[in-house]
2 protein chains.
Amino acid sequence: MKKATIKDIAKAADVSIATVSYILNDVKTQSISDETRVKVLKIAQQLHYVTNRSARSLKLQKTGLIGILLFRDIAPQPWSDLKYVKTLYTLERLCGELGYHVIFMQVDGDAPSYDMIRERNLDGVFLINVDQERFSSVTRFFGFGIPVFVIDSHIEDSLFHKIMPDFESSFRAAGALLGTAPEFLVMDAYNNAKLGDTVKQLSGLDEERIYVYESKEGLEDFLRKYTDCKGLVMNEFLANEVMRNRGTLERIAVLCTSHCPDILPIGVAKLSYELNDYKPVVGMMNGNIQDADYSNREKFIYLSVTS
Amino acid sequence: MKKATIKDIAKAADVSIATVSYILNDVKTQSISDETRVKVLKIAQQLHYVTNRSARSLKLQKTGLIGILLFRDIAPQPWSDLKYVKTLYTLERLCGELGYHVIFMQVDGDAPSYDMIRERNLDGVFLINVDQERFSSVTRFFGFGIPVFVIDSHIEDSLFHKIMPDFESSFRAAGALLGTAPEFLVMDAYNNAKLGDTVKQLSGLDEERIYVYESKEGLEDFLRKYTDCKGLVMNEFLANEVMRNRGTLERIAVLCTSHCPDILPIGVAKLSYELNDYKPVVGMMNGNIQDADYSNREKFIYLSVTS
DNA sequence: GTGAAAGCGCTAACAG
DNA sequence: CTGTTAGCGCTTTCAC
């Protein structure tokens with residue numbers, strides 16, 4: 001039971017393979033008689049024909065594949081694996097809606113190979129949680145020649161689109177939620193150091209009022225200093241950790257950077273980010289793939305806060 | 001800056017493309033002089049050559065692609081998206097170690113199309129959380145001609161390998177943990193009805209002592225009947241919900257079917273499943289792909305419990 | 001309205 | 001030890 005090819009269809013329908021291809025791809029510049037069209041279509045169905053993407057990709061130099069490369073946390077936490085699920089799933093869904101298939105890959109180690117991207121001729125890639133260090137090595141020698149969108153990574157290169165939460169608005173909104181400016185901030189580490197710095201700076205808090213999570217003990221020590229203060233926690237999973245420590249999430253506003261507000265108890269002050277904002281993002285990616293000279297407008301895209 | 005092909009290498013090294021191919025693929029049946037070998041290898045490097053997988057796949061009728069199809073929960077819960085992350089990530093990692101790339105796809109709707117599998121000529125697929133109903137439609141007409149492993153799905157077809165937690169041992173171990181047989185069970189719904197039934201049956205509990213999660217209210221009603229009883233919760237995310245309801249997880253043993261025991265407070269009685277058990281599974285998949293007549297031994301594989 | 005044929009980049013059987 | 005060549009399945013130009 002071998003797979004049927006257009007050649008098989010051509011033979012069965014007694015037409016040329018070119019004609020079959022025209023019909024299956026609904027090529028507008030060719031006129032095909034309705035008679036042959038239905039005949040071919042029917043036979044294709046009978047033979048359970050599906051197009052062979054390897055062959056088409058080879059010919060067209062377009063694969064219809066989009067890569068999502070997730071960089072593992074340099075400093076792994078129990079919730080590391082949970083952080084980007086929503087992002088991953090959302091991207092997959094949106095790419096799927098546009099007809100793309102998604103190759104998912106975790107990248108690890110300190111000299112990752114990006115060969116897959118070139119071997120598979122990906123049409124575009126999303127990089128999540130990339131650190132500048134491990135990435136600049138590659139972009140130094142060659143870009144990828146394809147659209148690259150980086151998520152939660154402040155990569156210094158105008159080639160790439162950068163997507164991240166709208167931290168600035170977040171801090172404003174959080175202040176409003178607390179009724180006062182927060183006095184401390186607990187945050188999860190980003191692989192990208194620069195992004196971490198940006199966040200700290202935007203929070204408007206002094207360095208010593210910010211704790212970047214490392215361990216339960218470190219957190220405990222830090223929180224002890226702010227027992228009755230109002231504060232901010234970035235990342236809902238980390239917030240759970242904070243709750244265990246403080247016994248409550250009162251006087252705390254949580255920024256749900258992992259898009260999972262639901263895992264928090266009801267009643268907690270929390271802010272989320274619009275997953276729908278990825279729709280235009282994927283649209284842009286698609287635009288870049290279709291038109292070589294698609295207007296690339298903004299290189300920075302911010303996910304909007306919602307409450 | 002076009003991508004280099006073996007033809008380019010051949011020209012630059014002044015050898016035939018066959019020779020280049022032999023060298024790059026390290027073909028054992030050919031003997032190549034060290035001189036040409038190093039020459040070719042050097043040039044390949046200089047040109048930043050990577051093999052074009054579309055072309056190779058077309059020729060070899062093997063793509064080096066493995067699909068992971070995740071079936072969305074029919075009855076979605078807030079934690080639905082979190083349930084299979086660990087499984088997904090582990091499978092990707094293991095497939096990657098064997099040189100495969102992974103296509104990830106969520107499947108939804110009630111007449112899903114499996115065309116991708118055939119169009120992309122996947123070498124194998126994992127199906128996660130499949131219900132018999134939506135799946136039998138496809139297997140009725142044609143298998144896929146490739147190894148198919150189903151996870152958390154009790155599909156009635158000897159074609160497929162079925163992987164699931166070792167529920168039987170779990171219940172025994174949970175009993176030991178509680179010091180007595182559990183008096184009730186709260187569980188998360190599986191898409192696969194049959195699997196749900198199996199679990200219920202293995203628990204040894206009467207139907208009315210089992211609650212399959214539907215809503216906060218339903219859970220509340222159910223738990224009220226067992227305030228001081230010892231019980232079992234299947235799935236750690238659901239356990240969090242139970243904790244909010246009961247105020248504690250005392251007298252409860254949790255089966256961490258999502259491999260995320262860490263999200264529970266410390267001190268909770270919990271059981272996990274060996275993610276390492278996926279290693280031989282992926283090995284079997286690989287065996288099936290390499291040898292057409294690989295011994296397929298066991299059709300049922302159980303992930304072992306750990307505490 | 002339809003078809004012949006080139007060629008995408010690669011592998012491998014066969015010839016030398 | 002190395003090269004020639006057919007062919008994987010598809011798209012598309014150009015000719016009829």
Side-chain angles (χ1 to χ4, degrees), chain A residues 2-41 43-44 47-65 115-116 118-123 145, chain B residues 2-41 43-44 47-65 115-116 118-123 145:
Chain A
K2 272 203 71 219
K3 232 171 278 184
T5 70
I6 48 170
K7 202 167 162 186
D8 298 326
I9 302 180
K11 208 175 295 170
D14 198 33
V15 295
S16 78
I17 57 170
T19 305
V20 176
S21 175
Y22 293 142
I23 294 174
L24 293 178
N25 292 316
D26 201 23
V27 175
K28 301 300 183 190
T29 57
Q30 300 285 322
S31 40
I32 307 276
S33 75
D34 270 358
E35 191 187 1
T36 48
R37 166 171 271 113
V38 297
K39 182 170 60 174
V40 165
L41 252 20
I43 293 180
L47 299 181
H48 292 299
Y49 173 81
V50 290
T51 123
N52 180 325
R53 296 274 206 154
S54 302
R56 173 188 282 174
S57 302
L58 179 57
K59 180 73 203 177
L60 297 190
Q61 307 284 36
K62 281 231 172 304
T63 53
L65 287 174
D115 285 352
M116 183 272 277
R118 304 204 314 138
E119 289 184 9
R120 293 276 178 204
N121 288 297
L122 302 190
D123 287 346
Chain B
K2 272 203 75 222
K3 233 171 277 184
T5 71
I6 48 170
K7 204 168 162 187
D8 298 325
I9 301 180
K11 208 174 295 169
D14 199 32
V15 295
S16 79
I17 58 169
T19 306
V20 176
S21 175
Y22 292 142
I23 295 174
L24 293 177
N25 292 317
D26 201 23
V27 174
K28 302 297 184 193
T29 57
Q30 299 286 319
S31 39
I32 307 276
S33 75
D34 269 357
E35 192 186 2
T36 48
R37 179 184 305 280
V38 296
K39 182 170 62 174
V40 165
L41 252 20
I43 293 180
L47 299 182
H48 292 298
Y49 173 82
V50 290
T51 121
N52 180 325
R53 296 274 206 151
S54 302
R56 174 186 280 172
S57 303
L58 180 56
K59 178 73 204 178
L60 296 188
Q61 307 286 34
K62 280 231 172 304
T63 53
L65 286 175
D115 284 351
M116 184 272 277
R118 305 203 313 139
E119 289 186 8
R120 294 277 178 203
N121 288 297
L122 302 190
D123 288 346

Sidechain-backbone polar pair: B/Arg53 side chain, B/Gly64 backbone, donor-acceptor under 3.5 Å = no
Please assess B/Asp26 against B/Arg37 for the test side chain to side chain contact (heavy atoms under 4.5 Å, CB included), listing each intermediate value before the final yes or no.
-> CA-CA 10 Å; B/Asp26 201 23; B/Arg37 179 184 305 280; 3.9 Å; yes
Nearest nucleotide by nearest heavy atom, which residue falls closer to the 5' end of DNA chain C, B/Tyr49 or B/Gln30?
-> B/Tyr49
Quick one: is C/dA12 close enough that its OP1 or OP2 comes under 4.0 Å of any side-chain N or O from B/Thr29?
-> no
Using a cut-off of strictly less than 4.0 Å, decide whether A/Ser21 has a side-chain nitrogen or oxygen near OP1 or OP2 of D/dT11.
-> yes
Which part of the nucleic acid does [X] contact within heavy-atom distance under 4.0 Å: base, sugar-phosphate only, or nothing?
X       : result
A/Ile6  : base
B/Ser33 : sugar-phosphate
B/Thr5  : sugar-phosphate
A/Val27 : nothing

Could you tell me how far apart [X] ([atom1]) and [N] ([atom2]) are, to the nearest whole angstrom?
X        : N      : atom1 : atom2 : result
A/Arg120 : C/dC10 : CZ    : P     : 14 Å
A/Tyr22  : D/dT12 : OH    : P     : 9 Å
A/Lys3   : D/dC10 : NZ    : P     : 10 Å
B/Ile32  : C/dT11 : CD1   : P     : 13 Å
A/Lys28  : D/dT11 : NZ    : P     : 15 Å
B/Ile17  : C/dA12 : CD1   : C1'   : 11 Å
A/Asn121 : C/dC10 : CG    : C1'   : 13 Å

Gap separating the OG1 atom of A/Thr5 from the NZ atom of A/Lys7, nearest 0.5 angstrom | 7.0 Å
Can you tell me how far OG of A/Ser54 sits from CD of B/Gln61, rounded to the nearest 0.5 angstrom?
-> 8.0 Å
Derivation of the side chain to side chain contact (heavy atoms under 4.5 Å, CB included) call for A/Ile6 and A/Tyr49 | CA-CA 8 Å; A/Ile6 48 170; A/Tyr49 173 81; 3.5 Å; yes
Which nucleotide in C/dC10, C/dT2, D/dT11 has an atom nearest any side-chain atom of A/Thr19 = C/dT2
Is it the case that B/Lys3 and A/Asn121 place a side-chain donor and acceptor less than 3.5 Å from each other?
-> yes
Contact check, residues 52-64 of chain B vs DNA chain D, heavy-atom distance under 4.0 Å, returns B/Leu58, B/Lys59, B/Gln61
